Amino acid sequence: MSEQSIKVQLPDGSVREVARGTTPFDIAMSISPRLAAAVVVARVRPLAVPAPAGETAADEAAEAQTEAGMYSSAGETGERLVDLSAPLTEDVALELLKENDEAALKVVRHSAAHVMATAILELFPETKLGHGPATDAGFFYDVYRETPFSETDLAAIEAKMAEVVARDEKFVREHEPREKGLEEYRQHGDFMKVHFIERFTKPGEEISLYKNGNFTDFCRGPHVPSTGRVKAFKVTSVAGAYWLGDEKNQQLQRVYGTAFFNAKDLEQHFKRLEEIKARDHRVLGKQLDLFSIQEVAGAGLIFWHPKGGLIRKTMEDWMRDECIRRGYEMVFTPHIMRRELWKISGHEGFYSQNMYPPMELDDAEYRLKPMNCPGHILIYKNSPKSYRDLPQRYAELGNVYRYERSGTMHGLLRVRGFTQDDAHIFCTPEQIESEIAACVEFADEVLKAFGFAEFKVELSTWDPKDQKSYVGSAEHWETAVGSLKKVLDAKGIPYREIPGEAAFYGPKIDIKLVDVLGRLWQLSTVQFDFNLPQRFELEYTGEDGEKHRPVMVHRALFGSVERFFGVLIEHYAGAFPLWLAPVQVGIVPISEKHVEYAAAVKAKLEAAGLRVELDSRNEKMNAKIREFTMQKVPFVLVMGDKEAASEAVSVRTRGKGDEGSVPLTAFVERAKALVASRGTTL
RNA sequence: GCCGAUGUAGCUCAGCUGGUAGAGCAACUGAUUCGUAAUCAGUAGGUCAGCGGUUCAAAUCCGCUCAUCGGCUCCA
């Protein structure tokens, strides 16, 4: 092999020897011009580096960096995306990414962000650019401009983008000395670009710039070959965003857009958004009359209507039974407690911002509880405990109130008053791992029982650099994190460790569930606490007759009953499984003369423990069926002369339609069995 | 909390550049008595989110407050 040639390995394993400086585009062309036209970007991996052993942290690091605004970076394998026009200078494994590849889509979106920036600067030259990364749903560009962009401005930007795309300007990568770039950006008052160059490059380095037409942007790339390759896009919205994510900083305008390989995918995307909207628990909550939030009462406070209340009762009954079955004891603790208590617990110091201000009662100050733990601790402390009593597992469906800033509330998912299915386990250090393991198993069962099959686990640990936000010694934190890890490892549960996300009193295992649309929701949490036992000087008498300090596990599995319910609504799109459905059976008498028989059927179904609604209004049968259907009632029973004569019902099953007449007793058995099995399909 | 948008009947929404509020569905009344997603007719229903201002006149223009929505930040 000569100095002038390099080896390029293609995905099929074949190796080509080409001249040094050959571009991925050249190689695509040499394979087929059709391929060259379809390729978006190239992925290369130096052959000098051994192949990766599967998915690694490098992917996530690269991901995080892309999110942070800079572009695809080399992981530890050296694998990276490059422009099709980038000359290859070493032996590489080369992959040509076409329009069916996730990574290629991100590149298209990133290029779309440049196209948008081009358009914005042409229309509003005074605008200063921040960063413009691709996201999971599209892209955005953070920009600074005195006047906010209006709807009309967004439309104009989108129209201008179409022009930029039509011009089909080549994306050209250029390099220039860092100092030169800095100087130019400084002169233009581009404070954000100056910041990025200073942060992402080192003195003496060259910086990379991407140009298309008259537009230049400091950017790592890669990009699609030309603006014409951004074929399907839309500017969607604009919102405020803080410079560098810090609310003390300048507020920027974040212009959002999305882009796809083709118009069909774009259309599909908006269809999906509509689908999500139709599942929105706030919309369904209204349509199905499940809950409300009322302006006179205040933001973030939930009113559970009868039907929502019934579902809640079903959820809670299930939870209580399961807790008791697993050796928990149900307790109840007050909603307001004296301020002193919150001082002892550390909430005054570490959680005050989330608590409502104290209220004066007689000569004392009281505060509304944001957590249930201190209450449970007082119960523990109320009588001496022996090692024989441990573990003590106290469970409560406790109502807590937390102050949330006004712009943060969101239906049932982010509220100011909510109910935690909270429990605190007091145990010996030897018991801690089995208790945590049992909690993780319990959480798994809860999610499965409610129809969630998939979830992701995160281990939130402290940030040793930010010790003022946490209580306890480094040693404590290490042992606590160690035991959580040990449990997860022993169970073979994959998890992601996230430093800086722990509660102030200890590390935690968070379980995020994935709903039918693939969205992630934070619900269950299992937390280790070595702090509160110490603060409250909890003790138990050991086998040795000496006093020992118990350790404590906090755990909430629904997390918040409100949030869990919200997620449940969206997961099922309001079509709850039979055991949860507030109305399980709707009865439709065909005409008024069948109401008597219908009432008798209703009585029998209710006697069998089913929740039934009889529509005896003077309405047409079809109208009644329609209403039950729209209310997503699992079973609608239609009955006329035929049914009345033979003690039968005509069954209409949600999602299936008319299933014909069956004997009433047969239907009762079917429904009862389905409720008992908590089946999710009818 | 911050940026932007929005707030009209129970619900979904219309109401142009200021001239004093409208539809469909729901509700109620009556007729109809019906075989698997809307029978017909009539009646009633609104402090136009709240407060203040400009004006001869405000749902409409301005200010403040509250709430909601999309984000940011923060979080169960």
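Residue numbers start from 1 in every chain, and the chains themselves are labelled A, B, ... in the order their sequence lines are given, proteins ahead of strands. Worth saying up front: this structure is predicted, and the values here are computed from it rather than measured.
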Across every strand shown, the nucleotide meeting Watson-Crick or G-U wobble geometry with B:G24 (both distances under 3.5 Å) is B:C11
### Message
So A:E643, base contact, sugar-phosphate only, or nothing? Heavy-atom distance under 4.0 Å.
### Response
base
Check: B:G1 base within 3.5 Å donor-acceptor of A:Y403 side chain: no
Paired to B:C74 by Watson-Crick or G-U wobble criteria (both distances under 3.5 Å) is none
A:M630 has its side chain closest, among B:A37, B:C11, B:A67, to B:A37
Practice problem: Under 4.0 Å between any heavy atoms, over every strand shown, what does A:Y144 touch: base, sugar-phosphate, or nothing? Just pick one. | Solution: nothing
Across every strand shown, the nucleotide meeting Watson-Crick or G-U wobble geometry with B:C16 (both distances under 3.5 Å) is none
task = Looking at every strand, decide which applies to A:E627 at a 4.0 Å heavy-atom threshold: base, sugar-phosphate, or nothing.
result = nothing
(message) Taking any heavy-atom pair under 4.0 Å as a contact, classify A:R555: base, sugar-phosphate, or nothing.
(response) nothing
Q) Do A:K271 and A:E275 sit within salt-bridge range, that is, some charged N less than 4.0 Å from a carboxylate O? A) no
Checking B:A76, B:U73, B:G70 against the side chain of A:H410 (C-beta onward), the nearest is B:G70
In Watson-Crick or G-U wobble terms, with both distances under 3.5 Å, the base opposite B:A41 is B:U29
Suppose you measure atom C1' in B:G15 against the same atom in B:G30; what distance do you get, rounded to whole Å?
33 Å
So A:Y256, base contact, sugar-phosphate only, or nothing? Heavy-atom distance under 4.0 Å. sugar-phosphate
Among B:A67, B:U73, B:U33, the one nearest any side-chain atom of A:R405 is B:U73
Note: for A:V238 and A:S560 on RNA chain B, the residue whose nearest nucleotide lies more 5' is A:V238
Counting the atoms with a prime plus P, OP1 and OP2 as sugar-phosphate, which does A:E619 contact under 4.0 Å by heavy atoms, base, sugar-phosphate, or nothing? base
- A:W243 vs A:H195 aromatic rings, parallel, tilted or perpendicular, using cut-offs 30° and 60°? perpendicular
Which of B:C75, B:A37, B:A27 is nearest the side chain of A:R617? It is B:A27
Here the distance between atom P of B:C34 and atom OH of A:Y597, to the nearest Å, is 18 Å
Whole-Å distance, A:L413 CG to B:U68 C1', equals 15 Å
Note: for A:P148 and A:G640 on RNA chain B, the residue whose nearest nucleotide lies more 5' is A:P148
| field | Pi-cation contact, A:F140 with A:R254 (under 6.0 Å, within 45°) | value | yes
In whole angstroms, the gap separating C1' of B:C3 from CD of A:E146 amounts to 13 Å
Rounded to whole Å, CE of A:M409 lies from C1' of B:C66 at a distance of 11 Å
Using Watson-Crick geometry (N1-N3 plus N6-O4 or O6-N4) or G-U wobble (N1-O2, O6-N3), each under 3.5 Å, B:U47 is paired with none
Worksheet item: Planes under 30° and centres closer than 5.5 Å, is that true for A:F418 with the base of B:A76?
Response: yes
Regarding the side chain of A:S237, the nearest nucleotide among B:C72, B:G70, B:U73 is B:G70
Requested in this report: Check every strand shown and say whether A:T525 touches a base, only sugar-phosphate, or nothing at a heavy-atom separation below 4.0 Å.
Outcome: nothing
Next item on the list: Assert yes or no for the condition that the ring centre distance of A:H571 to A:F450 is strictly below 6.0 Å.
Entry: no
Heavy-atom donor-acceptor pair, A:Q527 side-chain to B:A76 base, under 3.5 Å
no
| Interatomic distance at P, B:A41 relative to B:A49, whole Å | 32 Å
Rounded to whole Å, OH of A:Y242 lies from P of B:C74 at a distance of 10 Å
Could you tell me whether A:L523 contacts a base, only the sugar-phosphate backbone, or nothing, with contacts defined as non-hydrogen atoms closer than 4.0 Å? sugar-phosphate
Of the candidates B:A76, B:U39, B:G35, the side chain of A:K620 sits closest to B:U39
Atom NZ of A:K248 and atom P of B:U73 are separated, to the nearest Å, by 13 Å
Rounded to whole Å, CZ of A:R563 lies from P of B:C75 at a distance of 12 Å
task: May I ask you to say what A:D641 touches in the nucleic acid, namely base, sugar-phosphate or nothing, with a heavy-atom cut-off under 4.0 Å?
output: base
Ranking B:A67, B:C34, B:A76 by distance to the side chain of A:A299, first place goes to B:A67
Per atom distances to the A:E592 side chain, the nearest of B:U33, B:U73, B:C75 is B:U33
- Taking OP1 and OP2 of B:A67, is either one under 4.0 Å from a side-chain nitrogen or oxygen of A:R282? no
- [ ] Under 4.0 Å between any heavy atoms, over every strand shown, what does A:A239 touch: base, sugar-phosphate, or nothing? Just pick one.
- [x] base
**Asked** Quick one: does NZ or CZ of A:R312 land under 6.0 Å from the six-membered ring centre of A:F291, within 45 degrees of the ring axis?
**Response** no
request  = Check whether any side-chain N or O of A:K593 sits under 4.0 Å from OP1 or OP2 of B:C34, and answer yes or no.
outcome  = yes
Taking B:U39, B:C34, B:A76 as options, the one with an atom nearest any side-chain atom of A:M621 is B:C34
Open item on the list: Do A:E146 and A:Y144 pair up side chain to side chain, a donor and an acceptor below 3.5 Å, judged on atom types alone?
Closed with: yes
Whole-Å distance, A:F628 CZ to B:A38 P, equals 15 Å
Under 4.0 Å, heavy atoms only, any strand: does A:R254 hit a base, just the sugar-phosphate, or nothing?
sugar-phosphate
Out of B:U73, B:A76, B:G7, minimum distance to the side chain of A:E247 belongs to B:U73
**Prompt:** For B:A37, does either OP1 or OP2 sit under 4.0 Å from a side-chain N or O belonging to A:R652?
**Reply:** yes
Touch class at under 4.0 angstrom, heavy-atom based, for A:V588 against every strand present: nothing
Residues at least two apart in sequence or cross-chain that pass side chain to side chain contact (heavy atoms under 4.5 Å, CB included) with A:S646, listed by chain then number, are A:A648
So what does A:N622 touch, heavy atoms closer than 4.0 Å: a base, only the sugar-phosphate, or nothing? sugar-phosphate
Ring-face cation contact, A:F260 with A:R109, 6.0 Å cut, 45° max: yes
Nearest-Å distance once atom P is located in both B:U68 and B:U60 | 22 Å
So what does A:A556 hit on the nucleic acid, given a heavy-atom distance under 4.0 Å: a base, only sugar-phosphate, or nothing? nothing
Ring centroids only, cut at 6.0 angstrom: are A:W304 and A:F565 within range, meaning strictly under it?
yes
Could you tell me whether A:K512 and A:E501 make a salt bridge, using a distance below 4.0 angstrom between a side-chain N and a carboxylate O? no
Using the C1' atom on both, measure B:U8 against B:G24 and round to a whole Å. 15 Å
If pairing means Watson-Crick or G-U wobble with both distances under 3.5 Å, then the partner of B:U54 is none
Checking N1-N3 plus N6-O4 or O6-N4 for Watson-Crick, or N1-O2 and O6-N3 for wobble, each under 3.5 Å, the partner of B:G4 is B:C69
Query - C1' gap between B:U73 and B:C3, integer Å - result: 12 Å
